[in-house]
Amino acid sequence: MNTARIDAKQGGGWLGAYVLAYLVFLYLPILLIPLFSFNNSIQAAFPLQGFTFEWYATLSGNSALSGALANSLVIGAIAATGATLCGITVSYMDLFGRSPLATVISAIARLPILIPGVIVGISLLILVNLIGFGPSRTAIVLGHILVALPTTVVIMKGRFAAIPRTIREAALDLGASDWTTFRRVMLPLSLPAIVSAFMLAFLTSFDEFIVAFFLAGTEPTLPLYIWSQLRFPKSLPTVMALGTAILAVSLVIAAIAEILRHRGLAAAQRPVPANLSKPEETERGELQWHST
């Protein structure tokens, strides 16, 4: 028994060391970007030359940067909206549609996450040229919807699956239509996951580079602008300052999205109050709950 405990402790120690080494290897390069963004030198090297906010000050008044940022925000908002709507529809039909076709569509919607970005970018470039869009903002939006769709499908499918099926079945048994049940019961219960899916889809679109590289026309997104500036050594500190700002905002959005998702899952596991009677459907087909 003692030997087994000693072996378990030694195994746990090695596992902890491995996890620590993995985290250092993964996140230390990211932490170096904020560090060098405050360095009073155009070279990203030690020792540091001093502390300065100069590189952050150069971000303001840059028309090219402002245009690229505006493009990324507009494209991200539209693509996240489209991907979230598609993700809600695909995942709901996959769970409640009772159709083999819905299962196939759900599987296809998750495929882009497994396909290399270069292949997706080249394929979409050929497609938009055949359609007549060509490289443009519209093409980037369509490409980003495709890239962000797996994220929204996974989140929404997990949320819908966590809602007890008896809630939906009760609404249908009481005469509510499928559309009324979806609109008045399932969507309100899934609202935190919807917001979470939208935010993560927005981050996916905002940070995406490969597909935008193939589909961008004369209006580059922010990642493309950053890539173009890396060719000039004097622009490196400004790029690191910009990267630090993007990293901070991305972490905040991702944290909020994760908090909302967990709150939604926790709410779905709460028991229904005993003093809540069955819902009644109004003349407009809307469900109303009445306390006993």
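Only heavy atoms go into these numbers, but all of them, side chains included; no hydrogens, no water, no symmetry mates. Just so you know, residue 1 is the first one in the sequence shown, and it goes up from there.
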Working to the nearest 0.5 angstrom, can you tell me the gap between Ile119 CD1 and Leu124 CG? 11.5 Å
Between atom CD of Glu208 and atom CG of Leu146, what is the distance when rounded to the nearest 0.5 Å? 10.0 Å
Non-hydrogen side-chain atoms of Arg110 and Lys157 separated by less than 4.5 Å: yes
Starting at SG of Cys86, measure out to CD1 of Ile145 and round the result to the nearest 0.5 Å. 6.5 Å
Can you check whether Tyr56 reaches Ser37 side chain to side chain, under 4.5 Å on heavy atoms? yes
Is there a continuous path of hydrophobic side-chain contacts, each under 4.5 Å between heavy atoms, that joins Leu130 to Ile122? yes
Is the backbone N or O of Ser106 less than 3.5 Å from a side-chain atom of Asp94, with the two atoms forming a donor-acceptor pair by type? no
Would one find more than 12 heavy atoms of other residues, nucleotides or ligands at under 6.0 Å from atom CD1 of Ile131? yes
Hydrophobic clustering (ILVMFWY, side-chain heavy atoms < 4.5 Å, transitive) - are Ile194 and Leu189 grouped together? yes
Hey, what do you get for OG1 (Thr221) to CZ (Arg137), rounding to the nearest 0.5 Å? 11.0 Å
Test side chain to side chain contact (heavy atoms under 4.5 Å, CB included) on Tyr225 and Leu65; report intermediate values, then the result. CA-CA 7 Å; Tyr225 170 80; Leu65 172 60; 3.7 Å; yes
Is any side-chain heavy atom of Phe214 closer than 4.5 Å to one of Ile126? no
What's the spacing between Met240 CE and Ile33 CD1 if we round to 0.5 Å? 8.0 Å
Same cluster for Val185 and Trp179 if Ile/Leu/Val/Met/Phe/Trp/Tyr side chains link at under 4.5 Å? yes
More than 12 foreign heavy atoms under 6.0 Å from OH of Tyr92: is that the case here? yes
List the steps and the verdict of side chain to side chain contact (heavy atoms under 4.5 Å, CB included) for Ile88 and Leu187. CA-CA 9 Å; Ile88 292 172; Leu187 281 184; 4.1 Å; yes
Polar side-chain atom of Thr58 near backbone of Trp55 as donor-acceptor pair, under 3.5 Å: yes
Say whether, by atom type as modelled, one donor and one acceptor occur between the side chain of Thr181 and the main chain of Ala171 under 3.5 angstrom. no
Indicate the ring-plane relationship of Phe160 and Phe96, choosing parallel, tilted or perpendicular according to the 30° and 60° boundaries. perpendicular
Once you round to the nearest 0.5 Å, how far does CG of Leu125 lie from CZ of Phe213? 10.5 Å
Side-chain donor-acceptor pair present, Ser177, Thr180, cut-off under 3.5 Å: yes
Would you say that more than 12 heavy atoms from the other residues, nucleotides or ligands in this model lie under 6.0 Å from the CZ of Phe51, or not? yes
Can you sort out the partners of Ile226 under side-chain contact (heavy atoms from CB on, under 4.5 Å), two or more places apart, ordered by chain and number? Leu222, Val239, Leu242, Ile246
